[in-house]
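Below is one structure, written out as structure tokens; comments come after it.
In this text the structure is predicted, and so the values were computed from the model without any measurement. Excluded from the calculations below are hydrogen atoms, water molecules and symmetry mates; all remaining heavy atoms, backbone and side chain alike, are included.
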Amino acid sequence: MSQANNIRQLCEATRENLKRAAEKLEAFLNEHSLPQLMEGQEEDRALFYQGFLSDLRHLLVFSEVCYEKLGVALRRGTFDEEAAEKVLYHVYHDCVNNFFYPKNESYSEDGRYAYTGQDAIRFRKKPVRAARDIVLDITGMFEELRDDLTYYESDYLTQLRLNRSAK
């Protein structure tokens, strides 16, 4: 199988994962507002939920943008391997990193639990069930993306630099 076919398949699988994650995020954000999440909660939770919702909105936007860019790359008459790899790089750095390292740090991944079969996601404050469930529901998708796209974390840029300096 050629390198281009591998990248094409990776794009297709990545796009499908992003689509599923975006659908779940959008459904959650359409169904839950700050007042709903705050219902029955202590007032000090407002900042936590504001940050949580903000992080999910950002993640949704990044996921939708990368989903669309992958669609464009896959629909081109001639598959442009270089352009596709650039999008995969952005999926890793915009989507995967924003999931695992949310700006407002309402949750984080605890690597000690990653291989135990337990949930590796730990919340800064105990969230309502719906907030907990959406994060845990999409965790597997982003773990799969991280595993599939680990090359784009740093090796991709190193390879680009090497190729440019060789020319």
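Contact check for Y92 versus L145: no side-chain heavy atoms found under the 4.5 Å cut-off. In this structure, the side chains of Y89 and E153 stay at 4.5 Å or more apart for every pair of heavy atoms.
Taking both residues in full, the closest heavy atoms of A130 and F28 are given as O-CE1, 3.4 Å, listed atom of the first, atom of the second, then distance. In this structure, K19 and Y67 approach most closely via the heavy-atom pair CB-CE1, 3.5 Å. When all heavy atoms of F48 and P127 are compared, the pair lying nearest together is CE2-CB, 4.1 Å. When all heavy atoms of A46 and L34 are compared, the pair lying nearest together is O-CD1, 4.1 Å. For the residue pair C66 and V87, the shortest heavy atom distance occurs at O-CG1, 4.1 Å. For the pair L18 and C95, the tightest heavy-atom approach, listed with the atom from each and the gap, is CD2-SG, 4.0 Å.
By the criterion of side-chain heavy atoms lying less than 4.5 angstrom apart, applied directly or through intervening Ile, Leu, Val, Met, Phe, Trp or Tyr residues, V61 is not grouped with L29; the two fall into different hydrophobic clusters. Residues F62 and V65 do not share a hydrophobic cluster, defined by chaining ILVMFWY side chains whose heavy atoms lie under 4.5 Å apart. Clustering ILVMFWY residues whenever any of their side-chain heavy atoms sit less than 4.5 angstrom apart, transitively, puts V72 in a cluster other than the one holding I7.
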Exercise. Applying side chain to side chain contact (heavy atoms under 4.5 Å, CB included), run through M38 and R45 and close with a yes or a no.
Key: CA-CA 7 Å; M38 286 295 298; R45 297 286 170 108; 4.0 Å; yes
Exercise. Begin with the C-alpha distance, continue with both residues' side-chain angles, and end with the deciding distance and a verdict on side chain to side chain contact (heavy atoms under 4.5 Å, CB included) for V128 and E39.
Key: CA-CA 9 Å; V128 296; E39 206 169 287; over 6 Å; no
Practice problem: Might you work through the salt bridge (Lys or Arg N to Asp or Glu O under 4.0 Å) test for D137 and K24, ending with a clear yes or no? | Solution: CA-CA 8 Å; D137 200 20; K24 288 178 182 288; 3.1 Å; yes
Quiz item: Yes or no on side chain to side chain donor-acceptor pair (under 3.5 Å) for Y152 and E85, after CA distance, side-chain angles and deciding distance?
Solution: CA-CA 8 Å; Y152 297 96; E85 285 202 298; 2.8 Å; yes
Exercise. Given side chain to side chain contact (heavy atoms under 4.5 Å, CB included), test L88 with C11 step by step and report yes or no.
Key: CA-CA 7 Å; L88 292 171; C11 286; 3.9 Å; yes
Quiz item: Can you list the steps and then say if E81 with K86 is a side chain to side chain contact (heavy atoms under 4.5 Å, CB included)?
Solution: CA-CA 9 Å; E81 196 176 321; K86 189 173 183 180; over 6 Å; no
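Although no hydrogens or angles enter the test, the distance criterion places no donor-acceptor pair under 3.5 Å between the side chain of H32 and the main chain of L37. Put simply, the side chain of R15 never gets that close to the backbone of L74: no donor and acceptor are under 3.5 Å apart. The backbone N or O of L59 lies less than 3.5 Å from no partner atom in the side chain of N98, so there is not a single donor-acceptor pair. Of the possible polar contacts, one joining the T139 side chain to the V135 backbone as a donor-acceptor pair under 3.5 Å is found. Panel note: side chain D80, backbone E82; a donor-acceptor pair is recorded below 3.5 Å. Checked by atom type and distance alone, the side chain of R122 never pairs as donor or acceptor with a backbone atom of S108 at under 3.5 Å.
Around CD of Q36, the count of heavy atoms belonging to other residues, nucleotides or ligands within 6.0 Å exceeds 12. More than 12 heavy atoms of other shown residues, nucleotides or ligands fall within 6.0 angstrom of atom NE2 in H90.
Put simply, CG on N5 and CG on L10 are 12.5 Å apart, with the number rounded to the nearest 0.5 Å. Interatomic distance, L60 CG to L53 CG, rounded to the nearest 0.5 Å: 12.0 Å. One finds the CZ atom of R20 at 4.5 Å from the CG atom of N17 (value rounded to the nearest 0.5 Å). Note: D147 CG to T150 OG1 = 7.5 Å, rounded to the nearest 0.5 Å. In this structure, the separation between CG on L25 and CE on M141 is 8.5 Å, given to the nearest 0.5 Å. Rounding to the nearest 0.5 angstrom, the gap separating the CD atom in E16 from the CD atom in E144 is 10.5 Å.
The aromatic rings of F52 and Y107 stand perpendicular to each other, their planes meeting at an angle above 60°, with 30° marking the opposite boundary.
Salt bridge present: E109 and R146 bring a charged side-chain N and a carboxylate O closer than 4.0 Å.
The ring of F99 has its center closer than 6.0 angstrom to the ring center of F142.
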